[in-house]
Amino acid sequence: MAHALPKVWLKPGREKSLRRRHPWVFSGAIERVEGAPEVGASVEIVTSGGDLVGRAAYSPGSQIRARVWTFEAAERVDGEFFRRRLRRALDSRRRLGLMGSTTACRLVFAESDGLPGLIVDRYGGYLVCQFSSAGAELWRDTIVALLAELCSPHGIYERSEGGARHKEGLPSRRGLLAGAEPPPEIEITVGEVRLVVDIANGQKTGAYLDQQRNRERVAEHARGAEVLDAFSYTGGFSIACLRSGATGATLVDSSTEALALAERETAVNGVRERCRFAAASVFDELRTMRDAGTRFDVVILDPPKFVHSAEQLNAGSRGYKDVNMLGLKLVRPGGVLATFSCSGHVDAALFQKIVAGAAVDAGRTAQILERLSQPADHPVATEFPEADYLKGLILRVH
Ligand code: SAH
């Protein structure tokens, strides 16, 4: 018989969210831990009455003390479990038509794909993994071997960095996991657009795959337009707009590495000569433009995450309001503002409120033409609404 797993006993009544299949067990919900589970090891979550709720990965260093792998009493957490979950995630992307050999997509989106703490992005023949929980970390070799088997990639690279890992007490790690080292620049084709991706040194796993479709939506408003692409990164929005007939684009980003990639990416797309690049803080640059009377037909605001925790909600909301006020002031009357937030803590309703407040304070009238969110390869599991993080508004500004 298999060894019994250590048990995490919940306080009375604290199984409610788990019964709804929300996968997180917070430290405050735990009565006691029976046995001595190692970091990331599988544990059984049981109610105060001793009923099994699910099997989870134990994270002793995190407020999210356990993340449930499975709610099925009969399902064990082993290599076959990860094979089933990865297969399911890959099948979903295949059905979405996202598995072409030169394209890019997110293959695994953590909790939404039943694999808390694991993100896998695919750029052509290369996979990039992010292990951000103790459980995902423990199963790293198994997951890498399965990805190699199921996807036959040229190489698998790791970009396990950032805040989520620190909250779990895990150090950052970057490097080759399997197969061949990725070349310094990978070219990906998305529809008609070519992306230049630096897997080892780019931001996140190399690109912002979540904005691909939104770039096309915004570009529909760009014919004949002068575009301001604030927080441009490598210029994805600018390229889409210029290909749709924008006359010029100004890319603003504080990262000189990002703008170096933007120069390459706009060049391979044949639009570089219509671009201007400003390596600067968006807040400073937009104020300078405002004071100089510089105006645009389309202004895009795609800032980094301002709100990382509930405690940052007020300060972060202020940040969104400030940047949107600045952006609104730079839109020519009758033009368009496309504005985004990737902070999960700021939901769509709050974001709309913030933008509405910014319009009032900027002395502009704005109408919502379209609401944008995240694409199908970043799905939102219904029991895990936290996965719903990206929101955007396309507004006509008078
Ligand atoms: N719009 C991009 C993604 C933007 S990600 C795309 O479609 O791919 C956010 C970007 O903002 C990053 O490139 C980061 O370098 C930049 N950034 C963060 N803070 C900034 C600031 N204060 N001023 C200018 N750029 C900033």
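This chain uses plain numbering: 1 for the first residue, then up along the sequence. Bear in mind that the values here come from a model prediction, so they are computed numbers and not experimental data. Note that ligands are numbered from 1 as they come in the structure, with each ligand's atoms numbered from 1 the same way.
The distance criterion of under 3.5 Å between nitrogen or oxygen atoms is not met by P304 with respect to ligand 1. Checking only distances, D253 does come within under 3.5 Å of ligand 1, N or O to N or O. Ligand 1 has no N or O atom lying under 3.5 Å from any N or O atom of S255, backbone or side chain.
Atoms of ligand 1 lying under 4.0 Å from at least one heavy atom of Y233, given by number and element, are 2 (C), 3 (C), 4 (C), 8 (O), 13 (O). Distances below 4.0 Å separate heavy atoms of F237 from the following atoms of ligand 1: 1 (N), 7 (O). The contact set between ligand 1 and A280, taken as ligand atoms under 4.0 Å from a residue heavy atom, comprises 23 (N), 24 (C). Less than 4.0 angstrom separates some heavy atom of D302 from each of these atoms of ligand 1: 1 (N), 2 (C), 3 (C), 4 (C), 6 (C), 7 (O), 9 (C). Close approach of ligand 1 to Q203 (heavy-atom distance below 4.0 Å) involves ligand atoms 12 (C), 13 (O), 14 (C), 15 (O).
At the top of the distance list for atom 23 (N) of ligand 1, counting protein heavy atoms only, stands V282 N, 2.8 Å. With respect to atom 5 (S) of ligand 1, the closest heavy atom belonging to the protein is Y208 CZ, 3.4 Å.
Looking at F231 against ligand 1, both its backbone and its side chain come within 4.0 Å, counting heavy atoms.
Legend: residues meeting side chain to side chain contact (heavy atoms under 4.5 Å, CB included) with S92, ordered by chain and number and at least two apart, are L96.
Across S254, S281, A258, heavy-atom proximity to atom 20 (C) of ligand 1 is greatest for S254.
Not a single heavy atom of A207 lies less than 4.0 angstrom from ligand 1. Ligand 1 is approached by R215 to a heavy-atom distance shorter than 4.0 Å.
Residue pairs satisfying the side-chain hydrogen bond (donor to acceptor under 3.5 Å, both in side chains) criterion with at least one member in residues 31-43, sequence neighbours excluded, are listed as follows: W9-E34.
Screening R264, E192, R194 against N269 for a side chain to side chain contact (heavy atoms under 4.5 Å, CB included) leaves a single residue, R194.
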